[in-house]
Amino acid sequence: MRIDIDTYHELLETLLRNKTRSFLTGFGVFWGVFMLVALIGGGAGLKEMLSNNFEGFATNAAMIWEQQTTKPYHGFRKGRMWSLTTVDVERLRAQVPQLDVVSPIASKWGVQAVNGDHKYNCSVKGQLPEYARVEAPTMYYGRFLNEMDIAQQRKVCVLGKRVYKTLFPQGGDPCGQLVRLDSAYYSVVGVNYAGGNMNINGSADESVVVPLSLMQRAFNMGEDIDLIAITARKGTAISDITPRIREVVARAHDIDPTDEKAVMVFNTEVLFGLMDSLFEGVDLLIWLVGIGTLLAGAIGVSNIMMVTVKERTTEIGIRRAIGATPRVILSQIISESILLTAVAGMSGILFAVFVLQMLELGFTEDGIVKSHFQVSFWTAIASAALLALLGVLAGLAPAARAMSIKPVDAMREE
Amino acid sequence: MHVLKGIDLDIQEGELVSIMGASGSGKSTLLNILGILDDYDEGEYTLDGTLIKNLSETRAAEYRNRMIGFIFQSFNLIGFKTAVENVELPLFYQGVSRRKRHQMAMDELEKMGLKDWATHYPNEMSGGQRQRVAIARALVTRPQIILADEPTGALDSKTGIEVMDLLKRLNHDEHITMIIVTHDPGVAAQTNRVIHIKDGVIEE
């Protein structure tokens with residue numbers, strides 16, 4: 001087939017001759033592509049949003065905390081209250097070599113943080129510098145705790161994002177300023193913007209972190225701690241060493257080593273696994289719905305083209321009589337189908353990209369994109385390629401019908 | 001089913017021949033075979049020295065395009081194309097360049113006296129004008145033969161005579177071979193030779 005201006009002219013003309021029909025048919029494809037691209041982007045954004053909750057959190061970590069015993073042991077009755085102590089940390093380090101980080105946390109709720117006349121009711125957490133390896137902080141100002149803070153028992157603190165915003169509403173770097181926690185003053189060394197929603201005795205947002213030993217002394221806690229955060233070395237699954245961990249802690253406190261309630265070991269691995277399988281399901285759904293809608297649109301195009309071909313039997317017959325080869329007819333019908341799907345589909349991609357961009361802007365805070373909804377350039381290209389393919393496929397059946405029209409038919413059909 | 005039962009026909013270059021017969025006599029089948037619109041089982045059909053038999057669709061289309069010009073009873077112009085675009089169409093399929101085919105089509109329309117109607121659509125023209133556009137379309141590729149199927153069938157008698165005069169003049173002036181299928185004795189009488197066909201057999 002000769003490709004010149006008239007070829008395109010003719011294509012456009014046939015599609016524009018029935019504008020409403022072309023538009024409605026195209027809308028099916030438009031909506032299909034829009035659904036597919038928007039769902040892909042939306043799914044990815046949602047996934048990121050959910051993953052943000054666990055942001056910076058080590059995937060092979062676990063939390064150990066104390067609860068009432070549920071089994072009698074060593075002459076003790078069940079229902080006894082006990083407490084983790086700093087010594088348990090040493091025990092774990094010494095007796096469970098598969099552990100990488102063993103970091104104790106002490107916490108206290110309802111502490112009033114005060115800066116001038118700004119007040120915030122926060123939770124105070126006593127931590128060690130190595131805790132950063134369990135839940136990575138995002139330092140907006142200053143630094144996290146360091147070894148010198150611990151060694152010299154410095155009265156320093158790291159503010160969570162919301163605490164900082166309440167105490168320092170005018171903004172700016174608060175490092176070096178003094179903040180009062182209940183009855184003592186602490187010097188601010190950093191602001192942690194970590195957005196994670198993992199709630200370890202109060203979310204990072206709403207807590208103030210101070211050195212553990214200082215906290216134990218300031219709040220009169222003795223050797224007691226509330227939580228031990230652990231991570232396993234590479235190649236070790238937490239679930240494999242959980243019984244050993246429980247045994248080590250339980251033996252020192254006269255607790256039945258099989259009492260899973262008393263020594264809670266909460267494994268984040270399970271959580272991450274759950275989320276992964278959830279998103280596998282969501283992804284499958286997205287592709288199913290997206291591709292399904294797109295296919296329905298393409299079938300619509302094919303259907304309408306069938307009707308068009310039927311309507312144009314005489315015209316096609318005339319063309320054949322005056323010398324159009326079957327290939328010319330074939331390429332004409334398929335080109336029409338491709339053009340229709342392509343124009344409608346590209347608009348669909350554009351619209352989806354626009355909507356996703358709006359979503360992304362909506363989820364941007366302080367210039368930091370919280371969640372990326374926008375699809376990648378290559379996803380868009382792949383959708384465009386898929387469209388072209390669908391266009392050809394949609395045109396095949398109508399084209400086959402058009403090719404079967406004999407020139408003689410044109411003269412009979414009057 | 002055998003419709004034609006033995007046709008032995010020789011048409012010379014430059015002849016103006018009419019084929020007459022009642023409906024069902026096989027004249028349409030004969031025209032379809034002559035026009036390479038239909039294939040045949042036995043015998044031979046040679047057009048300008050070329051044996052036409054068992055052609056592929058593509059070859060048939062090519063021969064139709066280059067060697068045969070069709071004129072139909074119902075004109076068979078494409079309704080959404082202007083007169084000049086209709087005339088250009090066979091050239092488009094030949095791959096003639098845009099500018100050249102437009103020029104050739106305009107020349108042909110001018111010969112038909114339709115230069116001023118070039119940009120009009122078929123439904124804006126009278127039957128006679130439409131048939132002249134169709135004749136221009138048939139002639140634009142300089143075919144060996146013109147096959148006309150009841151060319152005056154849809155026209156009133158006055159226009160019918162005009163169209164016949166035009167066809168006769170083309171035959172006389174440009175020595176174009178013409179085969180006209182008709183059941184109108186008046187039309188047949190104007191041709192050089194009348195072939196009567198009945199029940200698939202020629203009776204001259």
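Below, chain A is the first sequence line, B the second, and so on; all start at residue 1.
Taken from CZ in A/R312 to CD1 in B/I78, the straight-line distance is 9.0 Å, to the nearest 0.5 Å. Atom-to-atom distance recorded for A/R17:CZ and B/F80:CZ is 4.0 Å, nearest 0.5 angstrom. A distance of 10.0 Å separates OG1 in A/T325 from CD in B/E57, rounded to the nearest 0.5 Å. Here CD1 of A/I318 is found 11.5 Å from NZ of B/K81. Values are rounded to the nearest 0.5 Å. If you take OH on B/Y93 and CD1 on A/I329, they are separated by 5.0 Å, rounding to the nearest 0.5 Å.
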List, one per line, each side-chain donor-acceptor pair under 3.5 Å for residues 13-22 of chain B, sequence neighbours excluded.
| from | atom 1 | to | atom 2 | distance (Å) |
| --- | --- | --- | --- | --- |
| B/E15 | OE1 | B/Q12 | N | 2.6 |
| B/E15 | OE1 | B/R193 | NH1 | 3.2 |
| B/E15 | OE2 | B/R193 | NH1 | 3.0 |
| B/S18 | OG | B/T191 | OG1 | 2.9 |

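Across all non-hydrogen atoms, the minimal contact from A/A321 to B/F70 is O-CE1, 3.4 Å.
The number of heavy-atom neighbours closer than 6.0 Å to NE2 of B/H120, taken from other residues, nucleotides and ligands shown, is above 12. Within 6.0 Å of CZ on B/R59 lie no more than 12 heavy atoms contributed by other residues, nucleotides or ligands. Annotation: B/K53, atom NZ; neighbour count of heavy atoms from other residues, nucleotides and ligands within 6.0 Å is above 12.
The closest side-chain heavy-atom distance from B/R137 to A/I322 is below 4.5 Å. Under the 4.5 Å side-chain criterion, counting only non-hydrogen atoms from C-beta, B/L89 is in contact with A/R319.
When the heavy atoms of residues 166-180 of chain B are compared with those of chain A, none of the residues falls under 4.5 Å.
Counting only distance, with no hydrogens or angles, the side chain of A/R320 and the backbone of B/A61 share no donor-acceptor pair below 3.5 Å.
Contacts of B/I68 with chain A are absent, with no heavy-atom separation under 4.5 Å from either backbone or side chain. Interface residue B/E88: only side-chain heavy atoms are found under 4.5 Å from chain A.
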